[in-house]
Amino acid sequence: MNFKNFEGKSVLITGASSGIGAALAERFSKISAIHLILCGRNQKRLENTAKICRNQGAVVETLIFDVTDEVATNEAVQKAAKSCKIDILIANAGVSSGSLHVNQDTKSTPDIIRTNVFGVVNTVLPVIELMKKQGQGQIAVMSSMAGYRGLRNCPAYSASKSFVKAWGEALRGYLMKDNIKVNVICPGFVKTPLTDTNTFKMPLLMPAHKAAEIIIKGLYQNKSVIAFPAPLAFAAWIGSILPAALLSLILKCLPQKEK
């Protein structure tokens with residue numbers, strides 16, 4: 001798929017230094033005349049992603065900031081908007097207790113909420129205002145299969161991704177009148193530094209480049225929820241509608257995540 005309608009667009013991606021964010025940047029860079037604004041906290045890794053994208057023909061600029069810092073994030077968005085119109089935002093930056101190298105979910109809860117919830121909010125809100133002035137735009141937020149229902153093996157992570165999913169779904173309808181598309185991305189297990197810390201079996205583990213292809217195709221088709229792979233998406237949906245008592249019995253049979 002050549003994604004012709006994305007040609008010449010400007011795409012801002014947070015968390016672009018590794019994992020799904022880097023894979024998205026690299027896939028977008030193959031689209032003709034694409035302009036990428038890559039954001040992250042690790043300058044060395046971010047510049048490595050940028051180099052790959054430039055070698056594939058993209059115009060790339062990089063911004064170093066922490067999405068949990070509301071002021072810094074707003075300043076970065078405004079700086080990006082001065083150099084080009086932001087056509088597409090992918091609010092991808094996120095953490096898990098494993099990536100934070102914390103053994104207990106309760107200890108990592110504040111950091112997970114700050115990044116996965118407020119980091120997304122800090123990024124999306126200023127972009128909404130810019131896109132309203134432009135009269136159009138597209139915003140994608142990174143949720144997860146874990147966001148379909150509260151999970152006992154990752155309480156803070158699943159709660160943070162539930163917020164992102166619900167907020168994104170609500171924004172889709174709310175911003176329709178402003179000609180702003182909103183998409184919620186719900187991946188299953190994707191091989192990234194985030195999942196590399198997992199010590200349990202991850203069914204249907206997918207390489208990041210394949211996930212990026214699915215996500216960009218979903219954005220191109222303006223799907224409300226981009227959930228994959230299909231078998232896990234179906235299982236997550238079933239889990240979201242099961243009675244709590246029955247789901248609790250099923251979840252007890254699942255392996256406990258070692259964080």
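Any value given below was found using the heavy atoms of this structure, including those in side chains, with hydrogens, waters and symmetry copies removed.
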(message) Closer than 3.5 angstrom, by distance alone: can the side chain of R149 be matched with the main-chain N or O of L242 as a donor-acceptor pair?
(response) yes
(message) Within the 4.5 Å heavy-atom criterion, are L171 and V124 side-chain neighbours or not?
(response) yes
(request) Could I get the full list of ring-ring contact (aromatic ring centres under 6.0 Å, His included) partners for F163, not counting sequence neighbours? (result) W167
(request) For a side chain to side chain donor-acceptor pair (under 3.5 Å) with H35, tell me which candidate from K9, K85, E61 qualifies. (result) E61
(message) Test: salt bridge (charged side-chain N to carboxylate O under 4.0 Å, His left out). Region: residues 174-186. Which pairs qualify, not counting sequence neighbours?
(response) none
(request) With sequence neighbours excluded, tell me which residues meet side chain to side chain donor-acceptor pair (under 3.5 Å) with Q134. (result) none
(request) Tell me, please, which residues at least two apart from S162 pass side-chain contact (heavy atoms from CB on, under 4.5 Å). (result) none
(message) In the structure I gave you, are the side-chain heavy atoms of C53 and K30 within less than 4.5 Å of one another anywhere?
(response) no
(request) List the steps and the verdict of side chain to side chain contact (heavy atoms under 4.5 Å, CB included) for N116 and I112. (result) CA-CA 6 Å; N116 295 1; I112 289 173; 3.6 Å; yes
(request) With sequence neighbours left out, write down each residue that passes salt bridge (Lys or Arg N to Asp or Glu O under 4.0 Å) with K133, or none if nothing qualifies. (result) none
(request) Tell me, yes or no, whether the heavy-atom count around K132 atom NZ, taken from other residues, nucleotides or ligands under 6.0 Å, exceeds 12. (result) yes
(message) Are V184 and I226 packed together at the side-chain level, in the sense that at least one heavy-atom pair is separated by less than 4.5 angstrom?
(response) no
(message) With side chain to side chain donor-acceptor pair (under 3.5 Å) as the rule and sequence neighbours excluded, what pairs involving residues 205-216 come up?
(response) R27-E213
(request) Just grab all the salt bridge (charged side-chain N to carboxylate O under 4.0 Å, His left out) pairs involving residues 42-56, residues at least two apart or on different chains. (result) E47-R54
(message) With a 6.0 Å cut-off (strictly less than), is the heavy-atom count around CD of Q43, excluding the residue itself, greater than 12?
(response) no
Table please: side-chain donor-acceptor pairs of residues 11-22 below 3.5 Å, with sequence neighbours left out.
from: T14; atom 1: OG1; to: N92; atom 2: N; distance (Å): 2.9
from: T14; atom 1: OG1; to: A93; atom 2: N; distance (Å): 3.1

(message) K165: which residues meet the side chain to side chain donor-acceptor pair (under 3.5 Å) condition with it, sequence neighbours left out?
(response) E169
(message) Applying a strict under-4.5 Å side-chain criterion to I, L, V, M, F, W and Y, I'd like to know whether V71 and V67 cluster together.
(response) no
(message) Going by the rule side chain to side chain donor-acceptor pair (under 3.5 Å), which residues pair with N55 if we only count those two or more places apart in sequence or in a different chain?
(response) none
(request) Output yes when a side-chain donor or acceptor of S143 lies under 3.5 Å from a complementary backbone atom of K161, and no otherwise. (result) yes
(request) Any ring pair (Phe, Tyr, Trp, His ring centres under 6.0 Å) involving residues 216-236? Give me the pairs, sequence neighbours left out, ordered by first then second residue. (result) F3-Y220, F6-Y220
(message) Taking side-chain contact (heavy atoms from CB on, under 4.5 Å) as the criterion, tell me which of L219, I90, I139 meets it with N183.
(response) L219
(request) Decide side-chain hydrogen bond (donor to acceptor under 3.5 Å, both in side chains) for R114 and N122; before the verdict, give the C-alpha distance in whole Å, the side-chain angles of both, and the deciding distance to 0.1 Å. (result) CA-CA 10 Å; R114 272 192 291 268; N122 291 342; over 6 Å; no
(message) Is there a side-chain contact between I86 and S10 in this structure, where contact means two heavy atoms from C-beta onward sitting under 4.5 Å apart?
(response) no
(message) When you group the ILVMFWY residues by side-chain heavy-atom contacts below 4.5 Å and let the links chain together, are I52 and I34 in the same group?
(response) no
(message) Whether the side chain of S158 engages the backbone of P155 through a donor-acceptor N/O pair (distance < 3.5 Å, no angle test) should be reported.
(response) yes
(request) Under the side chain to side chain donor-acceptor pair (under 3.5 Å) rule, collect the residues that match up with Q78, sequence neighbours excluded. (result) N74
